[in-house]
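Side chains included, hydrogens not; waters and symmetry mates left out as well; all remaining heavy atoms used. For ligands, and for the atoms within them, numbers begin at 1 and follow the listed sequence. All of these numbers come straight from a predicted model, not from anything done at the bench.
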Amino acid sequence: MCGIVGYIGKADATSVLINGLRRLEYRGYDSAGLAILDGDRVLISKSPGKVANLKEQTRLAWSPELCHRVGTGIAHTRWATHGPPTEVNAHPHLDQSEDIALVHNGIIENYRPIRARLEGIGHHFYSETDTEVLAHLIGECDKGDLFQAVCDALHQVKGTFGIAVLSAREPGKIITARRGSPIVIGVGDGETIIASDASAIVAHTQRVVYLDDNDIAIVTADSVEIRDLNNVPVTREIAELGIDAAAAEKGGFGHFMLKEIHEQPESLGNAIRGRLDMDLGSSVLAGMGTSPRDLAELNRVVLVGCGTSLHAGLVGEYAFEDMADVHAEVEQAAEFRYRNPLLGSRDFVIAISQSGETADTLAAVREAKQKGAFVMSLCNVVGSTIARETGRGVYLHAGPEISVASTKAFTSQVAVLLMMALKLGRGRRLSLDEGNRFAKEIEAIPALVGRVILQSARIAELAKEYYQAQHAFFIGRGPMYPVALEGALKLKEISYIHAEGYHAAELKHGPIALLEKGTPIIALACDIPGKDKTLGNIEECRARGARILGIITEGDDEAAEYMDDYIAIPRSNALVSTIPAVVALQLFAYHVANLRGCEIDQPRNLAKSVTVE
Ligand code: M6R
């Protein structure tokens, strides 16, 4: 959602801040701003829209010397929550004295009474934001020690924050703190970079410190001193980022989304490599932290997540029940956290999140831990809050996913869930032979996906027949039902075509009323159990004039007969074929959106990581 960058060191602060904001652009935002120290004053530049607008506006408003001033600054990209995306609502915000500047991610829930109280003692506010209220509160608390002022102010607020604060009265330092909104500090050589996301740091250093909730740090060019909000020192280890700066570039592709779709043979290889044990017909996922006894006594698997991660969980549900003979259920994380779920120590809760920062999924993790469940996570971002708070789980190793529409994270999530199901299955009911066969199917996934990607040009041609549609329906059965949901989500989020995913049997219970001549039905009709029934449902749609695009198994002439158009994927086990099938739908959505001229990597209104409820 919003993004924070702070810099203190030997380089030109404005350029570092703008480059850092650019690295955060993928997260989605609607305005941007920055503040630097200029002697005894704070200079601010803000703009609605893109970081490029902010850069141009700053160049026009500031002298070249100021634009290249070595020193200290903070910057922000905003995803509007309180007040529209205008210049005045953009961060940084100043306190009443205009000496203190603040950038903030999160939501201050009790900002209204604080604002009223401050207005009562003469404060004047320009914006509609909760952040400006926090800036004024810090200023009000400042009695000559910025660190203490920030602590005192944060003691008075309810809600979530990741913040960076600078003051013209105390140059040479930035105060940063977090509760519920990530802050990572890059420790460079004579420079320190603060960010809400490591992608803004990789160009400077690989050495980082992650703040935990209620940590507050005094950052200078050469030091990072971390305490808690009661001023008690805390120790946080320096970690290695392990992200290649080049991985955050488009590498010759027109969009990050297309690049990430093409990366999937490699990202899947990274997820699977070294995690299959062919001798045991099982998987090696030490991070799950389970003993043979845990597996034998396991009562239930509960998978929680949001959006695409939720859809991966739905595939996992089929896998756990089929392979491991264990009751599995999937729940939208926001619902789970408020439903007072029944959980015990023999229930595995698996939190699925690419970013590891999604607010609802994090809250679900905390609820499950509170209830004594065996909680683990499946995250892509190393060191993310969910990964750290669960303390056990499996990383996807998919590399940075920049496109807002998730692609390679989904396929890696499914691959890891299949390996988890294999491990549980071998601990419970699968024979060595069965385990071995399934392990071999999983091992083949990267190659299967490579064969689908080779069809990209053909899928681009097919997209020409569909890109002007206003509505589309995606249908599937069994493990292909969540693939239908994911295909519909991909199409709607990047092309803005209204798309719905349904169980193939469900159309006739209502949605079929919407079919007209030419309405696209994208049918997951691979040669897996249930195919015949799906073909019957396709007939019902054809009879009403729908145009059918099938995802079928290579060489399945019977299924091809039912389709106006089709994309063929290689034959594999039903669970495994969800992965090549979804890759075909990712390519379809991409090419449709491209033909419609959409802003594919940053669709309107969306953010990469949803850190508010
Ligand atoms: O980072 P997470 O996996 O927790 O994110 C969950 C959803 O916000 C995310 O999958 C979202 O639905 C994507 N835009 C889908 O492409």
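Close approach of ligand 1 to Ser309 is summarised as follows: ligand atoms under 4.0 Å from at least one heavy atom of the residue are 2 (P), 3 (O), 10 (O). Using a 4.0 Å cut-off to heavy atoms of Ala405, the atoms of ligand 1 that qualify are 16 (O). Close contacts of ligand 1 with Thr308, meaning ligand atoms under 4.0 Å from a residue heavy atom, involve 10 (O), 12 (O), 15 (C), 16 (O). Residue Ser355 approaches ligand 1 through these ligand atoms, each under 4.0 Å from one of its heavy atoms: 1 (O), 2 (P), 4 (O). Residue-ligand proximity, Ser353 to ligand 1, at heavy-atom distances under 4.0 Å covers atoms 1 (O), 2 (P), 3 (O), 4 (O). Close approach to Ser406 involves these atoms of ligand 1, each under 4.0 Å from a residue heavy atom: 15 (C), 16 (O). For ligand 1, the atoms sitting less than 4.0 Å from at least one non-hydrogen atom of Val404 are 13 (C), 14 (N), 16 (O), numbered in the order shown with element in parentheses. Every atom of ligand 1 with a heavy atom of Lys490 under 4.0 Å away is listed here by number and element: 15 (C), 16 (O).
Geometrically, Arg300 does not engage Phe320 in a cation-pi contact defined by less than 6.0 Å to the ring centre and at most 45° from the axis. With Tyr466 as the aromatic partner, Arg547 meets the cation-pi criteria of under 6.0 angstrom to the ring centre and within 45 degrees of the ring axis.
Of the possible polar contacts, none joining the Gln413 side chain to the Ala312 backbone as a donor-acceptor pair under 3.5 Å is found.
In terms of protein heavy atoms, atom 7 (C) of ligand 1 is closest to Cys306 O, 3.6 Å. Of the protein's non-hydrogen atoms, Thr358 OG1, 2.4 Å is the one closest to atom 4 (O) of ligand 1. From the protein, the heavy atom lying nearest to atom 8 (O) of ligand 1 is Val610 CG2, 4.0 Å.
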Could you give the side-chain donor-acceptor pairs of residues 583-590 under 3.5 Å, partners two or more places apart or in another chain?
from	atom 1	to	atom 2	distance (Å)
Gln586	OE1	Gln264	NE2	2.8
Gln586	NE2	Thr407	O	3.4
Tyr590	OH	His255	ND1	2.8

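Taking the ring centroids of Tyr481 and His503, they lie under the 6.0 Å cut-off.
Taken from CG in Asn270 to CZ in Arg275, the straight-line distance is 9.5 Å, to the nearest 0.5 Å. Within the model, atoms CZ of Arg207 and CD1 of Ile185 stand 13.0 Å from one another, a figure rounded to the nearest 0.5 Å.
Remark: distances from the non-hydrogen atoms of Glu357 to ligand 1 are all 4.0 Å or more.
For the residues Met257, Glu493, His311, the heavy atom positioned nearest atom 16 (O) of ligand 1 is part of Glu493.
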- [ ] Would you sort out whether Phe253 and His262 count as a ring-ring contact (aromatic ring centres under 6.0 Å, His included), showing the intermediate values?
- [x] CA-CA 9 Å; Phe253 287 92; His262 278 75; 4.9 Å; yes
TODO: Kindly determine whether Arg337 and Asp360 satisfy side chain to side chain contact (heavy atoms under 4.5 Å, CB included), including the steps that lead there.
DONE: CA-CA 7 Å; Arg337 64 180 294 198; Asp360 285 321; 3.3 Å; yes
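Here's the thing with Gln413: none of its N/O atoms is less than 3.5 angstrom from an N/O atom of ligand 1. Residue Thr361 has no N or O atom closer than 3.5 Å to an N or O atom of ligand 1.
Classification of the His498-His471 ring pair by plane angle, with boundaries at 30° and 60°, yields perpendicular.
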